[in-house]
Amino acid sequence: MVREAKREDLQELLELYLFLHETSVPEHSAHLAAVWDQILSDENHHLIVNEVNGKIVSSCVCVVIPNLTRGVRPYAFVENVVTRSDVRGKGYATQCLDYAKAVAESRDCYKIMLLTGSKEQKTLDFYTRAGYNCADKTAFIRWL
């Protein structure tokens, strides 16, 4: 079942991110609690999860960004696409991305952007099959 994250999903999400690029689950702190509250209360921030048999197996984030161009239409940014390694290839992440697309369409976004750090062809093909392309824009990252 694809849905938006709930308050009680925090620990399970933090554990899921170990399949992304994290090496440990962050310590529960006032800062973590404040960030979690901010995410949950932000109408533009959609933390999407896919739950199977009561367990979160996949997730992505979709943030809708207000914009002054393109007819004053917002755009969406997708990040942190992740699926547990033991259930990859079953369509769970695709369902999360489809949910993100529905969010973007419901908010009248004119585009969805997605970045990946992966160079694996399998991952790039997955995003292409999901409807994204890497030909229209060039992404640059400046790490802080």
Side-chain angles (χ1 to χ4, degrees), residues 1-7 9-29 31-52 55-144:
M1 170 181 65
V2 181
R3 61 174 173 78
E4 301 229 12
K6 301 179 287 193
R7 180 162 303 282
D9 293 330
L10 177 59
Q11 184 63 35
E12 204 170 348
L13 276 166
L14 295 175
E15 292 170 7
L16 179 64
Y17 288 151
L18 293 173
F19 293 92
L20 185 60
H21 49 65
E22 296 301 303
T23 57
S24 64
V25 173
E27 178 182 324
H28 285 269
S29 64
H31 177 66
L32 176 63
V35 170
W36 186 232
D37 285 343
Q38 181 181 6
I39 289 169
L40 292 174
S41 65
D42 184 346
E43 69 178 17
N44 290 320
H45 197 131
H46 303 268
L47 206 161
I48 299 159
V49 300
N50 197 337
E51 183 180 350
V52 176
K55 181 84 173 158
I56 295 173
V57 298
S58 190
S59 179
C60 73
V61 172
C62 177
V63 179
V64 176
I65 302 166
N67 183 40
L68 295 174
T69 66
R70 304 286 181 154
V72 195
R73 291 175 64 199
Y75 57 93
F77 189 80
V78 171
E79 184 64 75
N80 295 339
V81 180
V82 60
T83 301
R84 293 180 54 88
S85 60
D86 57 328
V87 294
R88 288 186 181 147
K90 297 179 186 270
Y92 299 133
T94 300
Q95 292 170 351
C96 288
L97 291 176
D98 289 346
Y99 190 104
K101 180 180 179 234
V103 166
E105 289 173 335
S106 75
R107 298 288 301 276
D108 195 32
C109 292
Y110 77 94
K111 70 177 176 183
I112 303 174
M113 293 187 295
L114 179 151
L115 296 176
T116 181
S118 178
K119 305 292 185 225
E120 291 185 34
Q121 194 60 48
K122 181 174 149 182
T123 302
L124 302 178
D125 291 344
F126 162 71
Y127 289 126
T128 300
R129 283 191 311 274
Y132 294 83
N133 79 74
C134 59
D136 291 345
K137 297 268 185 173
T138 301
F140 290 87
I141 304 291
R142 183 172 181 176
W143 296 103
L144 304 175

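- More than 12 heavy atoms of other residues, nucleotides or ligands sit less than 6.0 Å from atom NZ of Lys111.
- Pro74 and Asp108 make their closest contact through CD-O, 3.7 Å (heavy atoms, listed as atom of the first residue, atom of the second, distance).
- A donor-acceptor pair is defined here as one N or O able to donate and one able to accept, closer than 3.5 Å; no such pair exists between the side chain of Arg84 and the backbone of Phe19.
- Residues Leu124 and Cys134 have side chains not in contact (no heavy-atom distance under 4.5 Å, counting atoms from C-beta outward).
- Residues Leu13 and Trp36 are in side-chain contact: their nearest non-hydrogen atoms beyond the backbone lie under 4.5 Å apart.
- Within a 6.0 Å radius of CZ in Arg73, more than 12 heavy atoms belonging to other residues, nucleotides or ligands are found.
- Separating the CD1 atom in Ile48 from the CG atom in Asn80 is a distance of 11.5 Å, to the nearest 0.5 Å.
- Note that the OG atom of Ser85 and the CG atom of Leu20 stand 12.0 Å from one another [nearest 0.5 Å].
- Without hydrogens or angle criteria, Thr128 side chain to Asn133 main chain gives no donor-acceptor distance under 3.5 Å.
- Here Gln95 contributes atom CD and Lys90 contributes atom NZ; the two are 12.0 Å apart, rounded to the nearest 0.5 Å.
- Remark: Gln121 CD is packed, more than 12 non-hydrogen atoms of other residues, nucleotides or ligands lying under 6.0 Å away.
- His45 has its side chain within reach of Val61: a pair of non-hydrogen atoms, C-beta onward, lies under 4.5 Å apart.
- Counting only heavy atoms from C-beta outward, the side chains of Val87 and Val52 never approach each other to under 4.5 Å.
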Side chain to side chain contact (heavy atoms under 4.5 Å, CB included) between Asp9 and Leu47, worked out = CA-CA 10 Å; Asp9 293 330; Leu47 206 161; over 6 Å; no
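- If you check the side chains of His28 and Gln11, you find a donor sitting under 3.5 Å from an acceptor.
- Side-chain contact between Ile65 and Asn67: absent, with no pair of heavy atoms (C-beta onward) separated by less than 4.5 Å.
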inquiry  = Could you go through Val81 and Thr116, starting from their C-alpha distance and side-chain angles, then the distance that decides it, and tell me whether this counts as side chain to side chain contact (heavy atoms under 4.5 Å, CB included)?
reply    = CA-CA 9 Å; Val81 180; Thr116 181; over 6 Å; no
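- Glu4 has its side chain within reach of Tyr99: a pair of non-hydrogen atoms, C-beta onward, lies under 4.5 Å apart.
- Side-chain contact between Val49 and Met1: absent, with no pair of heavy atoms (C-beta onward) separated by less than 4.5 Å.
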message = For a side chain to side chain contact (heavy atoms under 4.5 Å, CB included) check, start with the C-alpha distance between His46 and Arg107, then their side-chain angles and the critical distance, and finish with the verdict.
response = CA-CA 12 Å; His46 303 268; Arg107 298 288 301 276; 3.9 Å; yes
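- When all heavy atoms are compared, the tightest approach of Val57 to Leu16 is O-CD1, 3.8 Å.
- Atoms CD and CG, from Glu105 and Asp98 in turn, are 9.5 Å apart once rounded to the nearest 0.5 Å.
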task = Take Tyr127 and Val78 through the test side chain to side chain contact (heavy atoms under 4.5 Å, CB included) and record every step on the way to the result.
result = CA-CA 11 Å; Tyr127 289 126; Val78 171; over 6 Å; no
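- Distance CZ/Arg88 to OG1/Thr123: 8.0 Å, rounded to 0.5 Å.
- From Arg3, atom CZ reaches atom SG of Cys96 across 10.5 Å, with rounding to the nearest 0.5 Å.
- Between Glu79 and Val63 there is no side-chain heavy-atom pair separated by less than 4.5 Å.
- Without hydrogens or angle criteria, Asp125 side chain to Lys122 main chain gives no donor-acceptor distance under 3.5 Å.
- Heavy-atom minimum distance, Ala93 versus Thr83: CB-OG1, 3.3 Å.
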